[in-house]
Amino acid sequence: MLNQKLKNLYEKAIEIESHSNSPRIISLHSRGKFCQVGLGTYYPESTKYMFVSLNPGGEYYLSEKQNAIKSAIEHQDFKNYLQYTFRYALNLKKIISAFATNKKISFDDVSLKFGTTDLSFFHSRTSSELKESFFIELKESLPIFLEEISIPNLESIIFSGVPFEHFFFNLYKTGSSIKEYSNQNSLQDWVISFKTTLINEREYHCVFITHLSATRGLKDESLISIGNKLSKLF
C-alpha cells in the first residue's frame, strides 16, 4: 500500500538529488548516473526517540532517475529494519532490547517508540572520503531531515557518531538555552544529553552517543549500558 507522505518525501529528496551541487553527485550525473536517496524508517504516529547517524552507508548508483512510488512501496518499516544483519541495525536492536528490559516493556512495544534516520539522505559508503561533497550533501539534505524530525510525538534525538559541530552549525537554533545537561562518560558507552530548541522551533532532548557503525565494533556490554542509560534518561 502506498504511503502518500513517504512518497512526497521521496519526491522531494529525488528532486534535490537531481539538482545537487555536490561535486560527487555532479560527477555521477556527468556519467549518466544518479545517487539513490534513502529516507529514515520510523512510525510517524508513535515514534518518540529517533536515532540519527551520519549517512546511510553503501554506494547505490542508479542508471536512471529514482522512482518515488517504487521507493515508497518498498520502504522498510522499523520493525523489519531491525532484522537486518549489518552492524548499525544489529547495534540498534541490542540497545533497544536493553532499553525494553530496563523499562520492563516488551521489545515489540518499545520498538514502536523508536526510529532511525540520517543527517544526509544521499547514499555513500563513508562520510570521511566525500570531502567537500559531504558538507554540501548535508546542507541539501537538511529540509528533508527537518521534516522527518517534525513528526508529532518525537521528543528525543539520539545522535550516533555525529560531531557537535555538525549539530550546532546545522540544527541548533542560535541563542537557545541548553538545559538539563549531563555527561556520562566511559570509553565506549558514553552518553551526553541536554534539552534545547532546534531550527524548526521545537525543543528536543538531544543525546550524543558513540558511533554505532564504528568499524572496530562495540562490545555487547557497552551497547547494553547505552540502552540502560537511555532508559533512565527518557
Hey, does the side chain of Ser97 reach the backbone of Lys93 with a donor-acceptor pair shorter than 3.5 angstrom? yes
Would you please test Phe234 and Lys113 for side chain to side chain contact (heavy atoms under 4.5 Å, CB included) and show each step? CA-CA 11 Å; Phe234 305 150; Lys113 299 179 184 294; over 6 Å; no
Would the number of heavy atoms belonging to other residues, nucleotides or ligands and lying under 6.0 Å from CZ of Phe169 be above 12? no
With Ile226 as reference, evaluate Thr210, Ile158, Asn91, Val207 under the side-chain contact (heavy atoms from CB on, under 4.5 Å) test and give the passing residue. Thr210
Could you walk me through whether Glu147 and Leu9 pass side chain to side chain contact (heavy atoms under 4.5 Å, CB included), step by step? CA-CA 8 Å; Glu147 283 202 47; Leu9 270 182; 3.6 Å; yes
Assigning hydrophobic clusters by single linkage (Ile, Leu, Val, Met, Phe, Trp, Tyr; side-chain heavy-atom cutoff under 4.5 Å), is Trp190 placed with Leu212? no
Only one of Gln36, Lys65, His29 clears side-chain hydrogen bond (donor to acceptor under 3.5 Å, both in side chains) with Glu17; which? His29
With a 4.5 Å cut-off on side-chain heavy atoms, are His205 and Ser193 touching? yes
Could you check if a side-chain atom of Gln66 sits within less than 4.5 angstrom of a side-chain atom of Phe34, using non-hydrogen atoms only? no
Return the minimal non-hydrogen interatomic distance between Pro23 and Glu132, and the atom names on each side. CG-OE2, 3.8 Å
Is there a path of hydrophobic side-chain contacts, each under 4.5 Å between heavy atoms of I/L/V/M/F/W/Y residues, joining Ile157 to Ile95? no
Membership question, hydrophobic clusters at under 4.5 Å side-chain separation (ILVMFWY): are Leu146 and Met50 in the same one? yes
With distance as the sole test, does Thr116 use its side chain to make a donor-acceptor pair with the main-chain N or O of Phe51 at under 3.5 Å? yes
Between CD on residue Gln76 and CG on residue Leu82, distance to nearest 0.5 Å: 11.0 Å
Parallel, tilted or perpendicular, judged at 30° and 60°: which one describes the rings of Phe78 and Tyr43? perpendicular
Within the distance-only criterion (no hydrogens, no angle test), does the side chain of Thr197 pair as donor or acceptor with the backbone N or O of Arg202 below 3.5 angstrom? no
Are Leu142 and Ile199 packed together at the side-chain level, in the sense that at least one heavy-atom pair is separated by less than 4.5 angstrom? yes
Interatomic spacing from CD in Glu11 to CD1 in Ile69 - rounded to 0.5 Å: 7.0 Å
Spacing of Asp109 atom CG and Ser46 atom OG [to the nearest 0.5 Å]: 10.0 Å
Side-chain donor or acceptor of Asn153 paired with backbone N/O of Thr47 under 3.5 Å: no
Looking only at the side chains, is there a donor atom on one of Ser22 and Glu137 sitting less than 3.5 Å from an acceptor on the other? yes
Assign the ring pair Phe86 / Tyr81 to parallel, tilted or perpendicular, where the plane angle (0 to 90°) is split at 30° and 60°. perpendicular
Distance, nearest 0.5 Å, that separates OH of Tyr10 from CG of Asn67: 11.0 Å
If hydrophobic clusters are built by linking Ile, Leu, Val, Met, Phe, Trp and Tyr wherever their side-chain heavy atoms come under 4.5 Å apart, do Phe164 and Leu138 end up in the same one? yes
Any side-chain heavy atom of Val191 within less than 4.5 Å of one from Ser182? no
Scanning both residues in full, the closest heavy-atom pair of Ser53 with Asp118 reads OG-OD1, 2.5 Å
Which distance, rounded to the nearest 0.5 Å, do you find between the OG of Ser141 and the CG of Leu119? 8.5 Å
Side chain to side chain contact (heavy atoms under 4.5 Å, CB included) between Thr117 and Leu39, worked out: CA-CA 7 Å; Thr117 191; Leu39 302 180; 6.0 Å; no
Is it the case that the side chain of Ser71 and the backbone of Ala68 share a donor-acceptor pair, with hydrogens and angles ignored and the cut-off at 3.5 Å? no
Would you mind reporting whether Ile16 and Phe121 have side-chain heavy atoms less than 4.5 Å apart? yes
Compare every heavy atom of Pro143 with every heavy atom of Glu140, then report the nearest pair and how far apart it is. O-CD, 3.4 Å
Is the closest side-chain heavy-atom distance between Ile149 and Leu198 below 4.5 Å? yes
Is it the case that over 12 heavy atoms from other parts of the model lie below 6.0 angstrom from the CD atom of Glu64? no
Above 12 or not: heavy atoms from other molecules or residues under 6.0 Å from NZ of Lys229? yes
Tell me the closest heavy-atom pair linking Pro152 and Pro44, and the distance in Å. CD-O, 3.5 Å
Distance check, rounded to the nearest 0.5 Å: Leu112 atom CG versus Phe107 atom CZ? 10.0 Å
Is Ser20 reaching over with its side chain to a backbone N or O of Ile25, donor-acceptor style, under 3.5 angstrom? no
Ion pair present between Lys5 and Glu148, side-chain N to carboxylate O less than 4.0 angstrom? no
Main-chain N/O of Glu203 paired to Lys195 side chain as donor or acceptor, under 3.5 Å: no
Between Ser111 and Ile96, the two heavy atoms sitting closest are OG-CG2, 4.1 Å
Pair Tyr88, Ser160 - check side-chain hydrogen bond (donor to acceptor under 3.5 Å, both in side chains), show working. CA-CA 10 Å; Tyr88 183 74; Ser160 158; 5.3 Å; no
Would you say the rings of Phe159 and His166 are close, in the sense that their centroids are separated by under 6.0 Å? no
Centroid separation under 6.0 Å, is that true for the rings of Tyr61 and His123? no
Working note: Tyr172 + Ile178, criterion side chain to side chain contact (heavy atoms under 4.5 Å, CB included); need CA distance, chi angles, decisive distance, verdict. CA-CA 10 Å; Tyr172 168 72; Ile178 303 293; 3.9 Å; yes
Backbone N or O of Ser124 within a donor-acceptor pair of the Asn55 side chain at under 3.5 Å? yes
Establish whether Leu223 and Leu92 are linked, either directly or via other cluster members, by ILVMFWY side-chain heavy-atom contacts under 4.5 Å. yes
Contact summary for Tyr42 and Gly115, nearest pair of heavy atoms: CB-CA, 3.8 Å
Compute whether any side-chain donor of one residue and acceptor of the other, for Lys33 and Ser63, lie under 3.5 angstrom apart. yes
Please tell me if the side chains of Asn102 and Lys232 come closer than 4.5 Å, counting only heavy atoms from C-beta onward. yes
Side-chain contact, heavy-atom cut-off 4.5 Å: Phe145 with Leu171? yes
